Peer 1: 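Sharing a structure below in structure tokens format, with a few things to ask.
Remember, predicted model here, so these are calculated numbers, not experimental data. Below, chain A is the first sequence line, B the second, and so on; all start at residue 1.
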Amino acid sequence: MLQIQVLRDQKERVILGLKKKHFQDAEVIVDKLVALDDDRKSIQRNLNDIQADSNKLAAEIGQLIKNGLKEEAEVVKQKVATLKIELKNLEDALKQKEVELETLLITLPNLPHESVPVGKTPEENEVYKMSNIAIPDLGENPLPHWDLAKKYNIFDLELGVKITGAGFPLYRGKGAKLQRALINFFLDEAHAAGYEEIIPPLMVNEDSARGTGNLPDKEAQMYHVTKDDLYLIPTAEVPITNIFRGDILDEKVLPIKMTGYTPCFRREAGSYGAHVRGLNRVHQFDKIEIVQFAHPKDSYDIQLKMLEHVEGILIKLGLPYRILRLCGGDMSFSSALTFDFEVFSAAQKRWLEVSSVSNFESFQSNRMQTKFRDENKKVQLIHTLNGSALALARIVASIIENYQCEEGIKIPEVLQKYTGFDILN
RNA sequence: GGAGAGAUGGCAGAGCGGUUUAAUGCGGCGGUCUUGAAAACCGUUGUACCGAAAGGUACCCGGGGUUCGAAUCCCUGUCUCUCCGCCA
């Protein structure tokens, strides 16, 4: 959520930013918000004054009663009674105004960083970097990963359908082992980069979902356990980022770096077609997430370091990748700057998104009220960042496609100590 | 799931209708003393909002209520602890 003060102080910048994100009627809504805030202030001023009067009179009554002046006290009580009616009205008006303000403010997306390219669709994303890893030559008829899965019994989507439903893959045998190898490899990489490992809850309450912006914006994306009013996490970002919800941190502890492996659950309502085939888009997948809580002055440097971290993993896995800087129209609601990593899945001949590294600046921390005390002892909002390092299902898809050969599927060297085998067949 | 107890400032812990703008201790910060440090002593130490400032208002788990006045009384929700039951 944006801060109302920013709308007041930097109106032009806000409107331009909203437009870059293709937010409709930016001027009108910003004006309306400022007007609502003006109303709020004036009501509050009024309310505070009357409360002050009322408090004084109450103290007076206390004194009068203490001194045995009962009749005089009664007179003052009458005065307070009229104030009380007014107070009640003002309190209601204030609350209503605050709700109105927040309901509208929460609909505003984060402002894009100045480096965000103008554009509306994924085609307008900027290719920030292309890897120099060669796309493998797979010969005549390379198999897509769903066919390889059948051939080598790596995972089974039909069984997933039987047990649960579409989009819940079941990994087996060496496929399951490969999955586990990747999880351990990614966690070890994150640990080596200084991230503390977290095993968070896989369900979160409403406050947490709201804190990271998954509610109300992306409610349809999450599985909701209505009986207990909990949400299955769509990413470890949600529980991990919420660790510091409502806290004021010491500047000295920044940046805080955390990583976590979790399964991720996404409803992906309305998805269909060839591009969601196999592991390309599923309802449950494994992901290792890296999260940082940063001083505002450092957050963009930190984002670049996170990019390097993800890049390093892809290089070790030998997967051809490219990094995109997302345009205003393709970025997520809460992000100020997002880089996507895509790997080339050589049999499908498609780029698959396997990581998204975002800087949210203070957009999440404003909702979560996560702050830090700066060198002048002033309290200010922290910056939050996160990225996938990495998302499993699609990495598996591209590994098995890109490493297929006559004898089976070669295992990238860095993974062999985790899998315990060098070929999957 | 059953029974009981509880939720107060960074922590510990008092307060149970009117100098509480929350005692006291610990911790933090600043200072005195000291070559330096420790100890001792003195001061200071929450957040949000309104206000140019002075200052004001709100917040003692959340929500509602009683009262001129609520941390304190009532209702309700949530959570925690203890005991019992069940259980990986």
Side-chain angles (χ1 to χ4, degrees), chain A residues 1-9 33-106 199 201-211 215 224-231 239 242-254 256 263 293 362 365-382:
Chain A
M1 188 162 66
L2 294 173
Q3 297 173 84
I4 186 71
Q5 202 52 45
V6 174
L7 268 68
R8 301 188 77 104
D9 296 345
L33 280 162
V34 172
L36 279 171
D37 195 45
D38 286 340
D39 291 351
R40 193 202 102 245
K41 286 184 183 210
S42 109
I43 294 170
Q44 169 135 27
R45 214 173 304 144
N46 209 345
L47 176 66
N48 284 358
D49 289 348
I50 294 176
Q51 268 166 335
D53 290 346
S54 163
N55 285 347
K56 274 196 204 101
L57 292 176
E60 229 173 86
I61 292 169
Q63 278 305 315
L64 290 172
I65 290 175
K66 209 174 186 179
N67 298 333
L69 302 169
K70 263 194 165 172
E71 277 171 36
E72 284 82 346
E74 283 307 317
V75 176
V76 183
K77 277 192 194 182
Q78 289 302 314
K79 273 203 262 182
V80 179
T82 58
L83 287 185
K84 263 196 83 176
I85 297 164
E86 218 172 324
L87 273 179
K88 179 80 182 137
N89 288 337
L90 284 170
E91 272 168 19
D92 290 347
L94 182 64
K95 194 171 285 180
Q96 195 196 325
K97 200 57 82 176
E98 282 171 347
V99 168
E100 215 177 316
L101 184 63
E102 176 157 341
T103 326
L104 188 56
L105 192 57
I106 212 167
I199 300 181
L202 303 183
M203 288 196 266
V204 294
N205 59 29
E206 193 182 320
D207 284 343
S208 294
R210 200 169 289 280
L215 283 179
H224 186 190
V225 182
T226 51
K227 201 163 185 180
D228 298 285
D229 206 12
L230 296 172
Y231 295 85
N242 272 283
I243 287 173
F244 298 109
R245 172 154 47 83
D247 289 351
I248 298 174
L249 303 167
D250 189 333
E251 186 180 34
K252 287 191 272 266
V253 305
L254 302 180
I256 296 171
F293 303 85
S362 60
S365 62
N366 189 33
R367 275 202 197 178
M368 288 193 302
Q369 290 296 295
T370 301
K371 307 178 181 181
F372 72 100
R373 210 179 296 278
D374 67 20
E375 52 193 336
N376 302 315
K377 303 220 170 159
K378 288 247 299 185
V379 171
Q380 48 172 311
L381 293 170
I382 215 165

Peer 1: Using a cut-off of 6.0 Å, state whether more than 12 heavy atoms not belonging to A/Q3 lie near its atom CD.
Peer 2: yes
Peer 1: Please measure how far the C1' atom in B/rU8 lies from the corresponding atom in B/rA71, and state the result in whole Å.
Peer 2: 7 Å
Peer 1: How about A/D229 and A/H224: do any of their side-chain heavy atoms sit closer than 4.5 Å?
Peer 2: yes
Peer 1: Contact list please: residues 84-106 of chain A against RNA chain B, heavy atoms, distance less than 4.0 Å, in numerical order.
Peer 2: A/K84, A/K88, A/K95
Peer 1: To the nearest Å, give me how far apart CG (A/D207) and C1' (B/rG77) are.
Peer 2: 14 Å
Peer 1: For atom C1', what is the distance between B/rA12 and B/rA7, given to the nearest Å?
Peer 2: 15 Å
Peer 1: Quick one: A/L230 CG to B/rU78 P, roughly how many Å, whole number?
Peer 2: 13 Å
Peer 1: What are the two closest heavy atoms between A/L2 and A/L105, and how far apart are they?
Peer 2: O-CD2, 3.4 Å
Peer 1: Would you call A/R8 and A/D38 a salt bridge, using N to O less than 4.0 angstrom?
Peer 2: yes
Peer 1: So do the side chains of A/F372 and A/Q380 get within less than 4.5 Å of each other, counting heavy atoms only?
Peer 2: yes
Peer 1: Which label fits A/F244 and A/F293: parallel for a plane angle under 30°, tilted from 30 to 60°, or perpendicular past 60°?
Peer 2: perpendicular
Peer 1: For nucleotides 44-51 of chain B, list the nitrogen or oxygen atoms of the protein found under 3.5 Å from its nitrogen or oxygen atoms, one pair per line.
Peer 2:
unit_1, atom_1, unit_2, atom_2, d
B/rU47, OP1, A/R373, NH1, 2.6
B/rA48, OP1, A/K371, NZ, 3.4
B/rC49, O3', A/R40, NH2, 2.5
B/rC49, O2', A/Q44, OE1, 2.4
B/rC49, O2', A/Q44, NE2, 3.0
B/rC50, OP1, A/R40, NH2, 2.7
B/rG51, OP1, A/R45, NH2, 3.3

Peer 1: Assess whether a salt bridge exists between A/K88 and A/E91, defined as any Lys/Arg side-chain N lying under 4.0 Å from an Asp/Glu carboxylate O.
Peer 2: no
Peer 1: Suppose you measure atom P in B/rG9 against the same atom in B/rG4; what distance do you get, rounded to whole Å?
Peer 2: 27 Å
Peer 1: Atom CG in A/L381, atom CD1 in A/I248: separation rounded to 0.5 Å?
Peer 2: 10.0 Å
Peer 1: I'd like to know if the side chain of A/E102 and the backbone of A/V99 have a donor-acceptor N/O pair within less than 3.5 Å.
Peer 2: no
Peer 1: Tell me, what's RNA chain B's dot-bracket, Watson-Crick or G-U with both distances under 3.5 Å, | for other-strand, [ ] crossing?
Peer 2: ((((((((.[[[..)..(.....]]]((((((.......))))))(((((....))))).[[[[[..)....]]]]])))))))....
Peer 1: Measuring only the C1' atom in each nucleotide, how far is B/rC81 from B/rC74? A whole number of Å is fine.
Peer 2: 25 Å
Peer 1: Round to a whole Å and report the spacing from CD of A/E251 to C1' of B/rG28.
Peer 2: 16 Å
Peer 1: Grab the NZ-C1' distance between A/K56 and B/rC68 for me, whole Å please.
Peer 2: 16 Å
Peer 1: So with a 6.0 Å cut-off around CD of A/Q96, is the heavy-atom count from everything else above 12?
Peer 2: no
Peer 1: Quick one: is B/rA58 close enough that its OP1 or OP2 comes under 4.0 Å of any side-chain N or O from A/N55?
Peer 2: yes
Peer 1: Is it true that a side-chain atom of A/R210 and a backbone atom of A/R367 form a donor plus acceptor pair closer than 3.5 Å?
Peer 2: no
Peer 1: Could you check whether A/D49 gets within reach of a base, just the sugar-phosphate, or nothing at all, counting any heavy atom under 4.0 Å?
Peer 2: nothing
Peer 1: Considering every strand and a 4.0 Å limit on heavy-atom distances, what is the contact class for A/L57: base, sugar-phosphate, or nothing?
Peer 2: nothing
Peer 1: Heavy-atom nearest nucleotide on RNA chain B for A/A59 versus A/K252: which residue maps closer to 5'?
Peer 2: A/A59
